[in-house]
Colleague: 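My structure is below; once you've seen it, I'll send some questions.
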Amino acid sequence: MSQRSSIEWTDGTWNFVVGCDKLSPGCAGCYAVKDVLRMGSNPNPKVTAANRGLAYRQANGILNWAGAVRLMPERLALPFDWPTPKTVFVNSLSDLFHAQVPPAFIRRAFAVMAATPWHTYQVLTKRAERLAALAPCLDWPANVWMRVSVESQPYAVRADHLRRTGARVKFLSVEPLLGPVKLDLAGLDWVITGGESGPRARPFDPAWALAVRDQCRAAGARFFHKQNGGRNEKATGRPLAGRSYDEMPEVFAVPVPPARDRRRLAAAFTPPAPAGRVSLTLTDPSFAVDRPAADPF
Ligand code: SF4
């Protein structure tokens, strides 16, 4: 977890769940599994404890998740500590709607977001069906923006599940964009596109992103192009047809309460002092050691 993020449209992350499973082709180049594997041997014992055993390197060199999802309720109240308003990427190292995250835990996270309206939260999931199933049980404060990933045409259906939520801002992460996509943008506010980056980056055609831009224009949705990707992300940059696209929904300004009031609010969300373990681990992460290499993506 860090308070600053290099992701262009957010300025912080809040990671109270770590660990995931690859679900669809967009997961092949998952940056989170790389970060978690690296942090699992961090010199800081707290960082190591949060990340150890959740990711491993397969025999073929590809990184994969070990199958455990680690919940860290002790991190739920962190947003009360931040003294300035942030636009927060929620759980950049996991998927909040992963099947191993209990509904009660998700509800607690939403309650924290509702109690800190001076921050804007961007929640991202590929588990759009579970999102839609749980959406009626969640409160949807205006500062929670809900996003689903659509990397290629077969996954465009995730937008239908997103539409069934009560989020004020609903948006799509169309990245890594793996081919041309036709989207139903009715009721959606924003679309982010991007090519894949890194040594195993799959091909990206700017024409695919320009076509998404045109669909946004037709539907009245904002459009943000993150990057053109490729093995050398810096070389390809962000421009599409000679310009950058940085549109995003409006962030409401809400004053931050004084520290003493925030501490009082935080107490309601702070779990009792841990006895023994500080994290609830639903699956023993140590089984990562013997897990056979089987990564379809
Ligand atoms: S859902 Fe996200 S965090 Fe999970 S494996 Fe896929 S890309 Fe990684």
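When a ligand or atom number is given, it counts from 1 through the structure's own listing order. Because only heavy atoms are used, hydrogens play no part in the values below, and waters and symmetry mates are left out as well, while side chains stay in.
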Colleague: Quick one: look up the protein heavy atom nearest atom 5 (S) of ligand 1 and list residue, atom name and how far away it is.
Modeller: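 The answer is Trp65 NE1, 3.2 Å.
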Colleague: Would you call the rings of His225 and Phe204 parallel, tilted or perpendicular if under 30° counts as parallel and over 60° as perpendicular?
Modeller: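 Answer is parallel, since the angle falls under 30°.
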Colleague: Answer with yes or no whether Leu93 contacts ligand 1, where contact means a heavy atom under 4.0 Å from a ligand atom.
Modeller: no
Colleague: Does Arg127 reach ligand 1, in the sense of a heavy atom lying below 4.0 Å from it?
Modeller: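 Heavy atoms of Arg127 do come under 4.0 Å of ligand 1.
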Colleague: Just which atoms of ligand 1 are under 4.0 Å from any heavy atom in Cys30?
Modeller: 3 (S), 5 (S), 7 (S), 8 (Fe)
Colleague: Compute whether any side-chain donor of one residue and acceptor of the other, for Tyr121 and Thr116, lie under 3.5 angstrom apart.
Modeller: yes
Colleague: On the ring face of Phe171, is Arg222 found with NZ or CZ under 6.0 Å from the centre and within 45° of the axis?
Modeller: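 No.
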Colleague: With heavy atoms under 4.0 Å as the rule, classify the contact between Tyr31 and ligand 1 as side chain, backbone, both or neither.
Modeller: neither
Colleague: Please list the nearest protein heavy atom to atom 7 (S) of ligand 1 with its residue and the distance rounded to 0.1 Å.
Modeller: Lys126 NZ, 3.6 Å
Colleague: Side chains of Asn15 and Ser94 only: does a donor on one sit below 3.5 Å from an acceptor on the other?
Modeller: no
Colleague: Is atom 8 (Fe) of ligand 1 under 2.8 Å from any N, O or S atom of Cys27?
Modeller: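 False for Cys27.
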Colleague: What protein heavy atom lies closest to atom 4 (Fe) of ligand 1? Include the residue and the distance to one decimal.
Modeller: Cys20 SG, 2.3 Å
Colleague: Does Arg164 pair with Glu129 as a salt bridge, N-O distance under 4.0 Å?
Modeller: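 The answer is no: the pair does not qualify as a salt bridge.
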Colleague: Consider only side-chain N and O atoms of Thr48 and Asn42, and report whether a donor and an acceptor are under 3.5 Å apart.
Modeller: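 On atom types as modelled, these side chains do not qualify, holding no pair under 3.5 Å.
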Colleague: Is Arg217 paired with Asp214 through a side-chain N to carboxylate O contact shorter than 4.0 Å?
Modeller: no
Colleague: As an exercise, identify every atom of ligand 1 less than 4.0 angstrom from a heavy atom of Asp21.
Modeller: 4 (Fe), 5 (S)
